[in-house]
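These notes concern the structure reproduced below.
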Amino acid sequence: MSNLEQTLSIIKPDAVERNLENEIKEMFKSKGFSILKEKKIQIEKSEAEKFYKVHETKPFYNDLCAYLSSGPIVVMVLEKDNAVLGNRELMGATNPEDAEEGTIRKKYGISIDKNSVHGSDSVENAKIEIDFFFKD
Ligand code: UDP
Ligand code: MG
């Protein structure tokens, strides 16, 4: 049975800065994801703090929010069967050192903080994150 889902993907500042936007989009498309919506934006630190609120007690929270707001990002709504898990698999582990061959983070990630992409971790959070960036 099909299980069409949408998930939020972000190409983070380290990847946009290195002009990897098109290569990363091609990786999504070659795995069968449709890019339903996309925009290139730069967010305020206060917006990054809202987006990453789930991490507010973590030691890396401040640096993470400063980083996500440090330069342009590309936010996208991806759609495919089982898109949430499929995107997490294509992204690879949070730390690029631990990411499998063929994943975006293995290929492009620089470090655990500059790991090139964000992806929603559940269907519920995907809805919240898509609304965060694309609710008019
Ligand atoms: N992060 C970090 N240091 C850590 C753990 C995470 O800088 O020790 C950053 C990293 O960029 C990661 C983001 O915080 O992508 C969100 O962390 P999460 O555990 O949700 O990882 P993800 O879902 O992005 O794989
Ligand atoms: Mg996460």
Side-chain angles (χ1 to χ4, degrees):
M1 244 187 47
S2 73
N3 180 41
L4 200 62
E5 291 175 356
Q6 296 180 358
T7 191
L8 186 89
S9 171
I10 304 177
I11 304 177
K12 292 182 174 181
D14 68 89
V16 175
E17 188 175 77
R18 286 176 287 149
N19 290 313
L20 296 171
E21 179 182 340
N22 288 335
E23 285 169 64
I24 291 173
K25 282 184 195 163
E26 283 309 316
M27 286 181 80
F28 287 126
K29 288 183 205 164
S30 73
K31 290 285 179 183
F33 290 92
S34 303
I35 301 173
L36 299 187
K37 296 181 184 177
E38 60 173 287
K39 58 183 178 183
K40 187 185 274 185
I41 54 174
Q42 183 163 357
I43 61 173
E44 298 289 337
K45 186 165 182 236
S46 59
E47 293 176 277
E49 286 165 353
K50 271 184 224 155
F51 181 74
Y52 274 131
K53 191 155 176 51
V54 59
H55 291 306
E56 73 184 331
T57 60
K58 310 271 173 64
F60 57 82
Y61 178 65
N62 185 58
D63 286 349
L64 174 61
C65 296
Y67 167 63
L68 194 71
S69 57
S70 67
I73 58 175
V74 178
V75 291
M76 296 172 287
V77 178
L78 304 181
E79 185 177 76
K80 180 188 156 161
D81 258 25
N82 303 310
V84 172
L85 186 60
N87 180 38
R88 295 295 305 193
E89 287 174 356
L90 180 56
M91 287 164 58
T94 305
N95 188 343
E97 281 183 24
D98 302 329
E100 304 271 348
E101 283 302 332
T103 63
I104 296 171
R105 284 168 165 173
K106 172 73 178 183
K107 200 164 179 197
Y108 299 120
I110 296 169
S111 56
I112 192 164
D113 48 329
K114 296 186 174 176
N115 59 7
S116 303
V117 280
H118 165 85
S120 309
D121 63 4
S122 66
V123 172
E124 189 190 358
N125 284 334
K127 292 196 173 94
I128 294 168
E129 292 181 354
I130 289 168
D131 263 9
F132 185 91
F133 283 109
F134 291 99
K135 200 167 187 167
D136 316 301

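Both ligands and their constituent atoms are indexed starting at 1 by order of listing. Here, residue 1 is the first one in the sequence, and each next residue gets the next number.
- Between R18 and D14, at least one side-chain N (NZ, or NE/NH1/NH2) sits under 4.0 Å from a carboxylate O, which counts as a salt bridge.
- Distances shorter than 4.0 angstrom occur between a heavy atom of L64 and an atom of ligand 1.
- Within a 6.0 Å sphere centred on CD of E97, heavy atoms belonging to other residues, nucleotides or ligands number 12 at most.
- Neither the backbone nor the side chain of M91 has any atom closer than 4.0 Å to an atom of ligand 1 (non-hydrogen atoms only).
- Residue contacts with ligand 1 for N115 involve side-chain atoms from C-beta outward but no N, CA, C or O (heavy atoms, distance under 4.0 Å).
- Ligand 1 lies within reach of R88, whose nearest heavy atom is under 4.0 Å from it.
- Counting only non-hydrogen atoms, the option in R105, K114, H55 that gets closest to atom 24 (O) of ligand 1 is R105.
- Proximity to D113 (heavy-atom distance under 4.0 Å) selects the following atoms of ligand 1: 7 (O), 11 (O).
- Panel note: side chain D81, backbone S2; no donor-acceptor pair is recorded below 3.5 Å.
- At least one N or O atom of K12, backbone or side chain, sits closer than 3.5 Å to an N or O atom of ligand 1.
- Placement of F33 and L36 in two distinct hydrophobic clusters is found when ILVMFWY residues are connected by side-chain heavy-atom separations under 4.5 Å, directly or transitively.
- Using a 4.0 Å cut-off between charged nitrogen and carboxylate oxygen, K50 and E47 do not count as a salt-bridge pair.
- Nearest non-hydrogen protein atom to atom 10 (C) of ligand 1 is I112 O, 3.1 Å.
- A salt bridge is absent between E89 and K31: the closest approach of a Lys/Arg side-chain nitrogen to an acidic carboxylate oxygen does not fall below 4.0 angstrom.
- Protein heavy atom nearest atom 4 (C) of ligand 1, with residue, atom name and distance: F60 CD2, 3.4 Å.
- K39 forms a cation-pi arrangement with F134, by the criterion of a distance under 6.0 Å to the ring centre and an angle within 45° of the ring axis.
- Shortest contact from atom 21 (O) of ligand 1 to any protein heavy atom: T94 OG1, 3.3 Å.
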